[in-house]
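Scroll down for the structure; my scribbles are underneath it.
Residue indices begin at 1 and follow the sequence shown. These numbers come from the heavy atoms of this one structure, side chains and all, not from hydrogens, waters or symmetry mates.
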Amino acid sequence: MHDAYEPVPILEKLPLQIDCLAAWEDWLLVGTKPGHLLLYRIKKDAGTNRFEVTLEKSNKNFSKKIQQLFIVSQYKILISLLENNIHVHDLLTFQQITVVSKAKGATLFACDLQLSPSGEAQLRMCVAVKKKLQLYYWKDREFYELQGDFSAPDIPKSMAWCENSICVGFKRDYYLIRTSVILQMDGRGSIKELFPTGKQLEPLVVPLADGKVAVGQDDLTVVLNEDGVCTQKCALNWTDIPIDMEHQPPYIIAVLPRYVEIRTFEPRLLVQSVELQRPRFITSAGPNIVYVASNHFVWRLVPVSIASQIRQLLQDKQFELALQLANMKDDVEGDKRQQIHHIQNLYAFNLFCQKRFDDSMQVFAKLGTDPTHVIGLYPDLLPADYRKQLHYPNPLPSLSGAELEKAHLALIDYLTQKRSHLVKQLNDSEPSTPSPLMEGTPTIKSRKKLLQIIDTTLLKCYLHTNVALVSPLLRLDNNHCHIEESEYILKKAHKYSELIILYEKKGLHQKALQVLLDQSTKANSPLKGHERTVQYLQRLGMENLGIIFEFSPWVLKICPEDGLKIFTEDLTEVETLPRDKVLNFLKEGFKELAIPYLEHIVHVWEETEPEFHNVLIQLYLERVQGLMKQYLNSLPEGVPAVAAGKEEGDLGEFRSKLVCFLEVSTSYEPGRLISDFPFDGLLEERALLLGRMGKHEQALYIYVHVLKDTHMAKEYCHRHYDKDTDRNKDVYLSLLRMYLSPPDVHCLGPIKMELSEPQANLKAALHVLELHHSKLNTAKAIDLLPANTQIREIRVFLESVLEEKAQRKRFDQVLKSLLQAEFLRVQEERIFHQQVKCTISEEKTCRVCKKKIGNSAFARYPNGVVVHYFCCKDRGVCPIEQ
């Protein structure tokens, strides 16, 4: 408790019994039991709490019975309940202005003065007449009815306006009566029962400064809004039943039977108890002017200076009330703001010491306190050297177990909010201006430094509360965690997966890969194995190619198949790696993987660079030659070798791949590769290369006279024949020549195989003539036939050629006739259009503007209408037809 008011006697031992009070400015009105009205002028002595009291006016004949007084200083009127009727007097002369005749028999009234948005005052009054409530408004020095009367369930004992409602206390219950006409029409009714009045003899309803009402129920007081809803979490609990109350923010002053008690709503505090001799009445003349009266005494409650109150409240750690008072001070704005900020910091610190961590963090967030000062409230979150520089008003509480976890969760919410705010301001050129928790304590103005401390602290908090949030924090693109500090705490907590994320985001790839390598062999490690290393290397990209080559060998050795995925996975980072460098790396250290790598980039990524195709063929060739030697050595004597690609095992597989690739690929360079293929083996592959080079006769010689496979020769011709290409249009003629006039065996070059002298094959040649006569030059084919060839032997060939020529002749004749007919049709159409003429005479006028065409450019529509070219707006629509 502290002293908020000092009671000062104003009137002592008044010979007349006081029945009611009213006050405004420096004036005090006292209504007495005999009906006298006394007007006192009260002036305060400067610098003291003494008052000069002067009786300015006394009206002994004011009324026989003064029941209630209410002053409206804005209108300079006094409203009074005299002998059960409402009277209005001039405030200065006491001359009667009007009497509300309809209110005869009134027992109680309540007034409400509202200010419109334009600043104009509006006075409303509610009068209780038996079991009815009458509503009036003041205009032109007269009260007029506001709306129809309300029926009440009993005779009102106490009432007060609450916005557009009136809270009424009866003998047993409180009710809320809505005065709005609209609310009466919505079907909900205009009267609402609230709750019983309790055991007290008289109900008590008091208007508050914020438009609400305070309602008494025995020694409790609740605050209601215009809907009858309680706005406070808990009721005020007085030490006795209040007789009367007055609201002087932030205080509520209640008159109790033996003393005056002063409390606050928020926070709920008993501020002061003032002992007075049987107080009964209380009234206010405005802010900080409060009068309390008994039957024969009047006191004025003089407020203690706000500065003194604040000092006492800070000592008592009542920071919320101190803040309310600080906001009411009339100091210089800068000093006032500084004091409020200081109190708020003390308040937030005190909340933390009370272990109300969430509330404390919310206040710190609003204040803009340096986050490092807030973090310093917690143990082991800041470096020891920096922590020693921070100072706090009192010793910090000791936290452990569930309390520490709860504190960390509150700090996480605070730091997350602070981080978001700082990230948005990161590009601002001006430095940040955090405020210290205690004056004189250094603050950090660099936003990047603050973000580094915040992120590192969040990391520590997550490790204490929710480890699952560590990874998302470290994956943030704008993660500012301090590398060394974060590295230390992650290693200490054995969080190696999260450590990898930290290294990756900070670009420390070699450290990350070394950790993966170290952990790959540990049995209980979540990073055991090579999978994470493969995934990590796949994401590095071409700028880190050296690191990839440094850390991929151990994976390639223990699991070549997975290791190869480092260079073949369908990821943008992998696909954009320099393929020539990757190929050289594999050829030097892992040659067995070069073939699957090349197969992937050629067949999957559709690589067309000739060099890669050449290398793949060479690698196939090396494998085939090596396997071929083993195969031939394993054959028993006298057993012939099988056809190319039909061998068993790896030889058959690789030779099939080689033959297939030579057939399918269009990017390799046969001229560079032909020298790698020997003359004593792999003749089918050599024939494919010769064919790709356009050397059809050499290729066909191999098929016909070396391999003696006419089917393969026919397939070869079928693949290469192209009537529109000079090099390939006579491939069947070359096959015919190979059958009829085979060249010398040495056409193959320095062949090491023993071959018999090639023999002519007339039967095969005639078969070619019969089947492929349309692909042969007839004259050249006949010239190749031996002179002793009989007509009957080539009869089928000749008949086919003649039939084809006849069909061609008929087709050409029909086409000629069709073209001639088309020519005649076009000519006829041309003549038809040319016979139309358009004559422009001197009298010819434009059909649009009605002016003569003259020598101007003109346009003629198909229907003969002629207009100026300028007047032709739409070529498709004739203006006459519109």
| field | Between Arg278 and Ser294: side-chain donor-acceptor atoms closer than 3.5 Å | value | no

| field | Distance in Å, Glu145 CD paired with Lys102 NZ, rounded so as to fall on 0.5 Å steps | value | 3.0 Å

| request: With the side chain counted from C-beta on, respond yes when Phe70 and Leu78 share a heavy-atom pair under 4.5 Å apart, and no when they do not. | output: no

| query | When rounded to the nearest 0.5 angstrom, what distance separates CG in Leu276 from CZ in Arg258? | reply | 13.0 Å

| said: Measuring only between side-chain heavy atoms, which start at C-beta, is Leu204 closer than 4.5 Å to Val215? | reply: no

| query | So do the side chains of Trp27 and Arg41 get within less than 4.5 Å of each other, counting heavy atoms only? | reply | yes

| Distance in Å, Leu113 CG paired with Ile71 CD1, rounded so as to fall on 0.5 Å steps | 13.0 Å

| task | For His2 and Gln272, test the side chains for any donor-to-acceptor distance below 3.5 angstrom and give the result as yes or no. | result | no

| request: Go through the side-chain N and O atoms of Arg280 and Asn295 and say whether any donor and acceptor fall under 3.5 Å apart. | output: yes

| query | What do you reckon, are the aromatic ring centroids of Phe357 and Phe352 less than 6.0 Å apart? | reply | yes

| request: Consider only side-chain N and O atoms of Tyr259 and Thr239, and report whether a donor and an acceptor are under 3.5 Å apart. | output: yes

| query | Does the side chain of Phe297 reach to within under 4.5 Å of the side chain of Leu11, using non-hydrogen atoms? | reply | no

| note | One should read off an interatomic distance between Gln312 CD and Leu321 CG, to the nearest 0.5 angstrom, of 11.5 Å

| Could you walk me through whether His36 and Phe62 pass the side-chain contact (heavy atoms from CB on, under 4.5 Å) check? | CA-CA 6 Å; His36 297 183; Phe62 188 72; over 6 Å; no

| said: Ring centroids only, cut at 6.0 angstrom: are Tyr137 and Phe143 within range, meaning strictly under it? | reply: no

| request: State, yes or no, whether a side-chain contact exists between Val290 and Pro303 at a heavy-atom distance under 4.5 Å. | output: no

| Just how far is it from atom CZ of Phe281 to atom CG of Leu21, taken to the nearest 0.5 Å? | 7.0 Å

| request: Check the side chains of Glu6 and Asn49 for a donor-acceptor pair under 3.5 angstrom, ignoring hydrogens and angles. | output: yes

| Does the gap between the ring centers of Trp138 and Tyr136 come in under 6.0 Å? | no

